[in-house]
Amino acid sequence: MCGIALVLSGGGRVVVAPSAAAAAAAADAAARIQPSDEGKGVTVDELKAALRRRGPDSLGCERLRVRADGTILGRDGCDCGVGDGGDVGDTELCFIGATLQLRGAEPISQPMVGQSGSVLVYNGEIYGGVHVADDQNDTQSLLSSLESCCSCECHALVRDEECPCCGSVGKSVPHILSTIKGPWALIYWQAAPTVKVIESGEDNDFSESTNMSYWEELPCGIYSIQLKSLEKSGMCMKEACVSEVRRHDWINSSLDELIQWKRKSIVPTVDDLTSHQNSVGCLSQSFRNSTESDRNASYKVLIALRESVMLRTNLNRLFQDDLNKLKDDELAPIAILFSGGLDSMILAALLDQCLDSNWTIDLLNVSFDGQLAPDRISALAGLKELQRISPIRRWRLVEIDTALTNLKGESEHVMSLIHPSNTYMDLNIGIALWLAAGGDGWVDGSICNMQDACRYKYKSTSRVLLVGSGADEQCAGYGRHRTKYRLGGWVSLDEEMRLDVQRIWKRNMGRDDRCISDHGKEARFPFLDENVIKTLLEIPLWDIARLDEPVGKGDKKILREVANLLGLKEAALQPKRAIQFGSRIARESNRKNFGSNRAANQASAGSVEIHQHAR
């Protein structure tokens with residue numbers, strides 16, 4: 001992911017409005033800004049340093065000075081040192097873009113300026129909706145589409161393609177953004193005589209945004225600000241500020257349906273359950289004896305997941321200069337955050353089908369207990385199973401070992417990355433993800449069937465990482481799902497799963513993205529592809545999970561059947577283990593901070609805030 005930001009300044013003061021679209025971009029720069037610094041503000045140089053870790057390929061700035069009536073007083077691409085904003089009511093906008101280029105034939109830099117004078121900084125990937133040629137970059141293609149948009153304010157508020165104001169049949173900015181498939185965030189200055197629009201968003205539900213802290217996870221959506229109303233907002237006198245931010249509806253009805261996350265078939269009839277009755281025995285035998293409906297459902301999910309992985313790993317869409325720099329023994333442009341569990345094994349098997357066999361696949365595994373951690377044990381077993389189903393592939397298991405006591409400086413840095421998340425659980429997950437994404441570990445050449453059969457130091461150069469986020473939320477993989485089912489049946493289970501999916505952006509995605517992209521790498525989430533979500537919602541809940549069956553069988557039932565289709569018989573039986581437990585960082589953290597696991601449990605460590613921790 002790239003790093004993007006917008007700084008508004010005026011009246012001798014720098015302002016980052018916490019309820020504005022500007023804050024969405026600034027949140028990308030939360031790295032290296034300590035929670036203790038809240039409210040003190042940050043300098044442009046600090047923002048640049050944080051963003052450059054996300055986008056190591058290029059760093060650029062574009063500065064505009066604008067009057068309250070919309071008149072542009074000047075613009076330049078200098079270092080964006082923030083000035084005094086000029087006269088009362090004048091505002092300075094400093095766009096910053098740090099680029100991690102993963103697509104296109106030629107190097108690009110951000111911010112991008114269109115022929116009309118519009119400015120775009122973009123962070124994300126486009127997998128559909130806006131055409132991107134194989135030799136073109138996402139940002140270039142998106143700016144070209146946005147340049148054709150009507151700039152009338154009224155057009156941005158209606159679903160019709162024809163503008164009720166000027167009669168233009170060109171799409172509005174919300175129309176264009178609603179068509180994008182894939183994860184994204186952006187800031188867009190639409191140059192027009194009267195209205196300036198800034199947009200930012202992704203795809204999820206909106207929640208209360210009052211009482212926001214200095215750094216805040218922005219609720220997903222499309223927002224706009226009119227700079228001409230700054231002086232009239234009543235929120236300031238002689239300082240730059242923002243007016244009430246307007247949130248726009250998604251124009252794409254199918255996207256609205258995904259956000260609502262409603263399943264048609266929730267409660268089974270007696271006939272449904274008896275017709276899907278599995279035989280007693282191992283899961284592979286159960287799958288052979290399952291009904292045609294079961295198999296059709298798992299095939300549909302398999303096809304959707306394979307297409308999702310293909311979209312995210314197509315080498316025609318990777319920046320060719322990066323591939324050309326790799327040596328023969330480093331040919332691993334794509335890696336997987338790998339525990340050897342069900343989700344990462346499915347991703348590995350699908351990546352093997354989508355990627356030319358000449359490329360090595362790096363499997364990144366982190367442990368805080370050496371070879372004894374559950375995730376290390378399952379990773380070694382998973383490596384053998386992958387070698388069995390695809391013996392010609394070079395699978396490289398990267399063993400990333402460390403001790404929590406050796407990570408004081410790193411822990412402080414990760415605290416800044418996970419903010420505003422602030423619990424020990426968030427910190428444990430963040431540290432594990434940050435270390436895994438760094439890819440700095442050891443390879444045992446003898447078990448990986450490498451030419452060098454010795455154990456040697458290795459740092460993965462993969463810039464694209466596949467991550468299994470979203471599988472547990474959509475397929476009932478958490479222990480609380482089993483509890484909800486036991487207490488309230490199918491309806492309660494469905495409600496809990498919907499809650500998990502609709503809040504995943506706030507609880508997981510921002511934290512995880514910042515920890516991974518801090519290494520100049522991009523996380524991609526095949527289980528959160530729009531078509532995968534749609535496919536899973538079309539399947540009856542009782543085909544997704546059977547939580548009256550044992551752990552490792554009924555939970556994530558649909559994915560266990562997909563694993564069987566891929567030949568992953570052992571992985572299909574793996575129980576769910578969260579990364580903080582599988583890597584054993586939670587155990588080490590509990591001992592360090594509470595003295596023991598028992599003391600940590602008594603203190604409800606997962607919900608204890610860590611403002612005084614790691615100093």
Side-chain angles (χ1 to χ4, degrees), residues 261-302 304-305 339-346 374 378 468-504 527 532-533 535-566 568-578 581-582 606:
W261 207 83
K262 291 184 178 180
R263 190 187 307 275
K264 293 182 179 179
S265 301
I266 299 172
V267 180
T269 65
V270 174
D271 290 341
D272 289 326
L273 293 178
T274 54
S275 64
H276 289 72
Q277 192 70 38
N278 286 332
S279 64
V280 178
C282 70
L283 186 70
S284 57
Q285 180 65 35
S286 297
F287 183 73
R288 285 195 294 270
N289 292 341
S290 61
T291 67
E292 183 177 353
S293 175
D294 281 331
R295 292 192 293 271
N296 286 341
S298 55
Y299 274 116
K300 289 178 181 178
V301 175
L302 173 60
L305 278 172
S339 67
L342 177 63
D343 309 332
S344 61
M345 285 290 287
I346 288 175
S378 59
S469 302
D472 291 306
E473 288 80 0
Q474 296 182 83
C475 299
Y478 290 122
R480 62 177 175 271
H481 292 148
R482 190 173 292 272
T483 300
K484 287 290 183 180
Y485 174 76
R486 184 177 69 251
L487 297 177
W490 294 100
V491 173
S492 291
L493 171 62
D494 180 69
E495 291 173 350
E496 184 71 11
M497 292 170 66
R498 182 184 304 111
L499 176 63
D500 279 341
V501 171
Q502 291 183 338
R503 68 185 177 186
I504 191 174
F527 287 103
V532 171
I533 297 173
T535 300
L536 287 169
L537 282 174
E538 291 172 346
I539 297 172
L541 184 54
W542 57 90
D543 284 339
I544 296 292
R546 291 289 189 85
L547 298 187
D548 50 354
E549 295 183 351
V551 173
K553 182 179 180 181
D555 51 310
K556 299 202 285 191
K557 170 180 175 288
I558 190 73
L559 294 185
R560 299 184 188 282
E561 292 172 354
V562 169
N564 272 288
L565 290 173
L566 291 167
L568 303 172
K569 308 302 181 184
E570 295 178 20
L573 299 171
Q574 285 284 346
K576 159 70 180 176
R577 276 191 305 268
F581 303 118

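All values below were derived from every heavy atom in this structure, side-chain atoms included, with hydrogens, water molecules and symmetry-related copies excluded.
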Nearest heavy-atom neighbours spanning Trp490 and Ile266: CB-O, 3.5 Å
Residues that Glu495 engages under salt bridge (charged side-chain N to carboxylate O under 4.0 Å, His left out), provided they are two or more places apart: none
Lys556 side chain to Ala545 backbone, donor-acceptor under 3.5 Å: no
Separation of Arg546 CZ from Tyr485 OH (nearest 0.5 Å): 8.0 Å
Residues Ile533, Gln474; criterion side chain to side chain contact (heavy atoms under 4.5 Å, CB included); working and verdict: CA-CA 8 Å; Ile533 297 173; Gln474 296 182 83; 3.4 Å; yes
Set of side-chain hydrogen bond (donor to acceptor under 3.5 Å, both in side chains) partners for Asp494, sequence neighbours left out: Arg498
Interatomic spacing from CD1 in Ile544 to OG in Ser265 - rounded to 0.5 Å: 10.5 Å
Leu541: which of Val491, Leu493, Val267, Leu536 passes side-chain contact (heavy atoms from CB on, under 4.5 Å): Leu493
Residues that Arg480 engages under salt bridge (charged side-chain N to carboxylate O under 4.0 Å, His left out), provided they are two or more places apart: Glu496, Asp500
Minimum-distance pair of heavy atoms, taken over all atoms of Asp472 and Lys576: OD2-NZ, 2.7 Å
Listed partners of Pro374 passing side chain to side chain contact (heavy atoms under 4.5 Å, CB included), at least two apart: Arg577, Arg584
Residues that Glu570 engages under side-chain hydrogen bond (donor to acceptor under 3.5 Å, both in side chains), provided they are two or more places apart: none
Exam field: side chain Ser298 to backbone Glu561, donor-acceptor pair closer than 3.5 Å: no
Partner residues of Asp555 under the salt bridge (charged side-chain N to carboxylate O under 4.0 Å, His left out) criterion, sequence neighbours left out: Arg482, Arg560
Residues that Glu473 engages under side-chain hydrogen bond (donor to acceptor under 3.5 Å, both in side chains), provided they are two or more places apart: Tyr478
Side chain to side chain contact (heavy atoms under 4.5 Å, CB included) partners for Ala563, two or more places apart: Leu342, Ile346, Leu568, Ala572
For Arg263 against Ile539, the heavy-atom pair lying closest together: NH1-O, 2.9 Å
Results of side-chain hydrogen bond (donor to acceptor under 3.5 Å, both in side chains) for Lys484 - residues two or more places apart only: none
Which residues share a ring-ring contact (aromatic ring centres under 6.0 Å, His included) with Trp261, sequence neighbours left out: none
Residues which pass ring-ring contact (aromatic ring centres under 6.0 Å, His included) with Phe527, listed by chain and number, not counting sequence neighbours: none
Which atom of Ala304 lies closest to which atom of Thr535, heavy atoms considered: CB-OG1, 3.7 Å
From Lys264 atom NZ to Glu538 atom CD, the distance as rounded to the nearest 0.5 Å: 7.5 Å
Stepwise side chain to side chain contact (heavy atoms under 4.5 Å, CB included) check, Lys569 with Asn564: CA-CA 5 Å; Lys569 308 302 181 184; Asn564 272 288; 3.2 Å; yes
Sole residue of Ile558, Asp343, Val301 in side-chain contact (heavy atoms from CB on, under 4.5 Å) with Cys475: Ile558
Straight-line distance of His481 NE2 to Thr483 OG1, nearest 0.5 Å: 10.0 Å
Nearest-0.5 Å distance that lies between atom CZ in Arg486 and atom OG in Ser492: 12.0 Å
